[in-house]
Amino acid sequence: MTKQEELKKEILEKTKEYYELVHKPQQTKKFVKGKSRVNYAGRVFDEKEMEYLVDSSLDFWLTYGEYSKKFEKELAEFLGVRWAFLVNSGSSANLLAFYTLTSPLLKDRQVKRGDEVITVAAGFPTTVAPIVQYGAVPVFVDMELTYFNIDVTQLEKALSVKTKAVMIAHTLGNPFNIKAVKEFCDKHNLWLIEDNCDALGSTYDGKPTGTWGDIGTSSFYPPHHMTMGEGGATYTDNPLLKKIMLSMRDWGRDCWCESGVDNTCGARFSQSFGSLPKGYDHKYVYSHFGFNLKVSDMQAAVGVAQLEKFPTFVEIRKKNFKRLYEGLKDINELDLVETQPHSDPSWFGFLMTLNDKATFTRNEISEFLEKNNIQTRNLFAGNMLRHPMFDSLEQGKDYRVIGELLNTDKIMNDSFWIGLYPGMGDDAIDYMVEKIREFIVK
Ligand SMILES: Cc1ncc(COP(=O)(O)O)c(C=O)c1O
C-alpha cells in the first residue's frame, strides 16, 4: 500500500468512527412518545454517505467527475431510461426540462414565447415557474379530489392552437392519470414533462413515473425520497432531447467534452458553425442560450450511496402509507388520498382533506398536531394563482385559467399532509394516528 492509500484508508476509517459517534445515535434514536418530534421528512444515511463524500473531497476534483458519472448511469439504470443528467436542484431540473423544449433544433415542435403549456395550480411553484420565466403561457386546469392530481376531463377544454406541452407533477408520489394524459399528448402531438420530484420510485402499469413522458425530473433536496443536500436530475429516452439538455445544462455549448477533457469529437479545430471562422475551437461554440446547472462531485458521491439504499427507502414509504391509511380510514371527517389505479406509489407524504362533516378547520388540526410535536405541511402553494407572484401577470394574456379551480381552492383551504419517510418506525406512525384520532374522534 502506498502512503497515499494508507492515509486515505485511515481517513475513511476515522470518518466511519465519526459517523458512529456523532450521527449514528441521531439516525437510530428511539422514538419517545410525546417527546420525540415527528418530522415530515429528513435525511436517512449511514457511514457510506460520509465515506463517499470524504473520498470525493480527497480526490479534490470538485466539479462533475467519477461519482457524477456513476450516479447518472445508475439512476438511468434504476429508471430504465437511456440518459439521466445531474443538476443542482429539482427546480433546476424543471428549468432545464422546460428550456430543452425551447430549442430551435426541435423545429416546428419548439416551444416559442406565447405558446401554451397545460399545468395545474395546486403544487410546487417551480413546476410552473420556467413556463412563465421563458414567456410561454401556463394554462391552469383544476385538480380532482380522489387522487389529488390533474382533472383529466378538463384537458380538451384547455387545448388551443398554441398548446405545445403538458408539464405537471405526480402529487406527493401518487401518479396522475398517466394513461389519459399520455393519450391526450399523443393525440395532439404535445410534449409531456413529468415533474417526478415527489415520486421517485413510483410506478404506473409497472413502469417508473418520470419515464412515461418526454422528460422526467427529480429533486434530491433533503426531504425528498433520497438526498444529496442540493441536487436534482432530468431524464429522457429521446436522443435529440438528450443532446439539447446536455448543451443547455452546460453553458449552452455545442461541445460535449467532459470537464477536464478536450477534443472528444476529434474535430475540435476543423468544423464550421454559424458565421464563425472555419475551425473555430469547438470547445467554445454555443448552440443554445444555456445555463450552468451542474453539481459538485461531492454531492454526487452522497447520491451514489443513497441510491444503494433506495429500494429499501421505497418499501418503507409504502409500508408507512399502509399503516397510516389503515389507522385513519374510518374517520368520517377526513378524505384520505386514494392510490391512483394501475399504480404503485412511492409516497412522499400522506395527504388528508377535511370534508363537509368536519367541525374544525385545517389550521386547527395542523396547529394541534404541531403542538404535539408532529410536523404538518400544506400541499405546497395550495393555489399558486393566489400568491403575490401572480400580481404582475395578466389573466388571458400571461396565463389562462380553465373554469374556476374550485377543487384547487378546496385543497388550498382544507388539505394537509404528514410524513411517512423511512426515518419513521411503526411507533411514530401509530403516534400520529393516535393524535389525529384524539383531535377528531375525541
Ligand atoms: C413537485 C416538486 N417539484 C419541484 C420541487 C423543487 O425541488 P428543489 O427543492 O430541489 O428545487 C419540489 C420541491 O420540493 C417539488 O415538491
Side-chain angles (χ1 to χ4, degrees), residues 39-43 71 75 84-99 117 119-133 138 140 143 147-150 166-176 178 181 192-202 208-210 212-213 215-235 249 291-296 299-300 302-303 306 317 337 340 345-351 375-384 387 389 408 411-412 415-421:
N39 289 323
Y40 82 95
R43 305 158 303 163
F71 182 85
L75 180 65
F85 295 112
L86 259 172
V87 292
N88 54 23
S89 72
S91 303
S92 295
N94 284 341
L95 184 75
L96 179 60
F98 183 77
Y99 268 77
V117 181
T119 189
V120 297
F124 200 78
T126 57
T127 313
V128 172
I131 306 168
V132 178
Q133 285 156 345
F140 294 97
M143 301 282 277
Y147 315 109
F148 291 85
N149 271 299
I150 187 167
V166 174
M167 183 165 178
I168 40 177
H170 300 290
T171 306
L172 299 182
N174 201 20
F176 53 76
I178 294 183
V181 173
L192 173 59
I193 297 179
E194 290 174 78
D195 178 335
N196 201 35
C197 288
D198 295 342
L200 191 63
S202 295
T209 54
W212 284 86
I215 306 175
T217 64
S218 274
S219 165
F220 306 128
Y221 190 64
H224 287 256
H225 289 63
M226 54 157 279
T227 189
M228 51 181 74
E230 299 290 351
T234 54
Y235 20 95
R249 184 192 68 173
F291 307 96
N292 176 4
L293 302 172
K294 296 194 297 297
V295 287
S296 81
Q299 288 159 279
V302 176
Q306 289 268 288
R317 286 179 177 278
V337 63
Q340 177 71 241
S346 165
W347 295 97
F348 185 46
F350 192 88
L351 188 74
Q375 204 173 26
T376 64
R377 286 288 180 270
N378 289 349
L379 188 58
F380 309 122
N383 181 347
M384 264 174 245
H387 287 253
M389 64 188 175
T408 303
I411 291 169
M412 174 184 69
S415 296
F416 70 102
W417 58 280
I418 52 175
L420 39 67
Y421 81 109

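All residue numbers refer to positions in the sequence shown, counting from 1. When a ligand or atom number is given, it counts from 1 through the structure's own listing order.
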With no hydrogens and no angle check, just 3.5 Å: does a side-chain donor-acceptor pair link N383 and T408?
no
Looking at every heavy atom in both F98 and V117, which two are closest together, and how far apart are they?
CE1-CG2, 3.7 Å
What are the atom names and distances for all N or O pairs under 3.5 Å between ligand 1 and the protein?
{"residue": "ligand 1", "atom": "3 (N)", "partner": "D195", "partner atom": "OD1", "Å": "3.3"}
{"residue": "ligand 1", "atom": "3 (N)", "partner": "D195", "partner atom": "OD2", "Å": "2.7"}
{"residue": "ligand 1", "atom": "7 (O)", "partner": "S219", "partner atom": "OG", "Å": "3.4"}
{"residue": "ligand 1", "atom": "10 (O)", "partner": "G90", "partner atom": "N", "Å": "2.7"}
{"residue": "ligand 1", "atom": "10 (O)", "partner": "S219", "partner atom": "OG", "Å": "2.7"}
{"residue": "ligand 1", "atom": "11 (O)", "partner": "G90", "partner atom": "N", "Å": "3.4"}
{"residue": "ligand 1", "atom": "11 (O)", "partner": "S91", "partner atom": "N", "Å": "2.9"}
{"residue": "ligand 1", "atom": "11 (O)", "partner": "S91", "partner atom": "OG", "Å": "2.6"}
{"residue": "ligand 1", "atom": "14 (O)", "partner": "H224", "partner atom": "NE2", "Å": "2.9"}
{"residue": "ligand 1", "atom": "16 (O)", "partner": "D198", "partner atom": "OD1", "Å": "3.0"}
{"residue": "ligand 1", "atom": "16 (O)", "partner": "D198", "partner atom": "OD2", "Å": "2.9"}

Is there a donor-acceptor contact under 3.5 Å from the side chain of R317 to the main chain of P345?
no
Aromatic rings F71 and F220: how do their planes relate, parallel, tilted or perpendicular, breaks at 30° and 60°?
perpendicular
Heavy-atom neighbours of F291 CZ exceed 12 at 6.0 Å
yes
On the 0 to 90° scale, with breaks at 30° and 60°, tag the Y40-F348 ring pair as parallel, tilted or perpendicular.
perpendicular
